[in-house]
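Read through the structure below, which is laid out as structure tokens, and then see the notes.
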Amino acid sequence: MAKPAAQVDILECRQCERLVRYREQVAEIKVRRFRDWKYWAKPVPSLGEPNARLMVIGLAPAAHGGNRTGRVFTGDRSGDWLYRALHRFGFANQPHSIDSNDGLRLIDCYVTAAVHCAPPDNKPLPSEFRNCQPYLLDELQQLRNIRVVVPLGQIAFKSFFGARKKLGWIDPAPLPSFGHGAATILRDGTMVIGSYHPSQQNTQTGRLTETMLDDIFRRAREHIRGV
Ligand code: SF4
């Protein structure tokens, strides 16, 4: 699958010292259940089709998920939820995402993140968002067919609009508020649908249910169908 130019270079990126240290440390001091794994321990590139009409934006790879398997949202519970939902609405060829050789293929869909290296406590610093922003800028410029954007969580939502501002793209003022299911249609007809992140904090507490996540991708599918 062809990738935007910046995504080809991203694998060599070591701009964020703290994250480079952490992603490599996690690979050395493994958790018991993954002790036989050789961790990826590098930036995790985006995944998907260059002509995709749906873009999903996550926060950052999980230390023992994407940072272990080398594929975005792969090998952790958040990914289980995400790809099941994408599969139900025809955006993925299978509902599971276990490792990078499991045959997963996205269909008309592209999954990226605001930050491409695993951060301690899942919390990137403002400087790390800034360092990683050029990759998102590059994707927004190169993926010309996007009709629906689903930022997962408020931080991804802000990163998306922050990147658009940096590109000088015109957005509604004031910017729309983030909320699960809150949708905005931008000037060019792109629909942005906020979604809670399928993190364990959200899924285990019932803040986000599978039905709620399905509603997001059902609307994405309907909008794409109607375009
Ligand atoms: S988070 Fe982004 S900018 Fe920072 S080291 Fe990783 S790929 Fe590079």
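Along the sequence shown, residues are numbered consecutively beginning with 1. When a ligand or atom number is given, it counts from 1 through the structure's own listing order.
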Just to be sure I read this right, does ligand 1 sit under 4.0 Å from the backbone of Leu19, its side chain, both, or neither, counting only heavy atoms?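 The answer is the side chain of Leu19.
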
Minimal non-hydrogen separation, Leu59 against Asn122, with atom names: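 For Leu59 and Asn122, the tightest heavy-atom pair comes out as CD2-O, 3.4 Å.
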
What atoms of ligand 1 come closer than 4.0 angstrom to any heavy atom of [X]?
X      : answer
Asn131 : 3 (S)
Val115 : 1 (S)
Pro43  : 7 (S)

Phe89 and Phe217 aromatic centres sub-6.0 Å: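 No, ring centres 6.0 Å or more apart.
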
Between His197 and Phe73, is the ring centroid distance below 6.0 Å?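 His197 vs Phe73: aromatic centres under 6.0 Å.
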
Look at the side-chain heavy atoms of Ile, Leu, Val, Met, Phe, Trp and Tyr, link any pair under 4.5 Å apart, and say whether Met212 and Val192 land in one connected group.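 Yes, because Met212 and Val192 connect within a single hydrophobic cluster, where side-chain heavy atoms sit under 4.5 Å apart.
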
From Val149, Val148, Ile193, residue fulfilling side chain to side chain contact (heavy atoms under 4.5 Å, CB included) relative to Leu54: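 Option passing the side chain to side chain contact (heavy atoms under 4.5 Å, CB included) with Leu54: Val148.
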
For [atom], closest protein heavy-atom neighbour:
atom                    : value
atom 6 (Fe) of ligand 1 : Cys117 SG, 2.4 Å
atom 8 (Fe) of ligand 1 : Cys13 SG, 2.2 Å
atom 2 (Fe) of ligand 1 : Cys132 SG, 2.3 Å

If we only consider heavy atoms of Glu128, is any one of them less than 4.0 Å away from an atom in ligand 1?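 Not so, Glu128 does not reach ligand 1.
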
With rounding to the nearest 0.5 angstrom, report the NZ to SG distance, Lys42 to Cys117.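 That separation rounds to 11.0 Å.
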
If we count only N and O atoms by modelled type, under 3.5 Å, do the side chains of Thr74 and Ser97 hold a donor and an acceptor together?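 Yes, because at least one side-chain N or O of Thr74 sits under 3.5 Å from a partner of the opposite role on Ser97.
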
Mind checking whether atom 8 (Fe) of ligand 1 has an N, O or S of Cys16 under 2.8 Å?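 Looking at Cys16, which is the residue asked about, there is no N, O or S atom under 2.8 Å from atom 8 (Fe) of ligand 1.
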
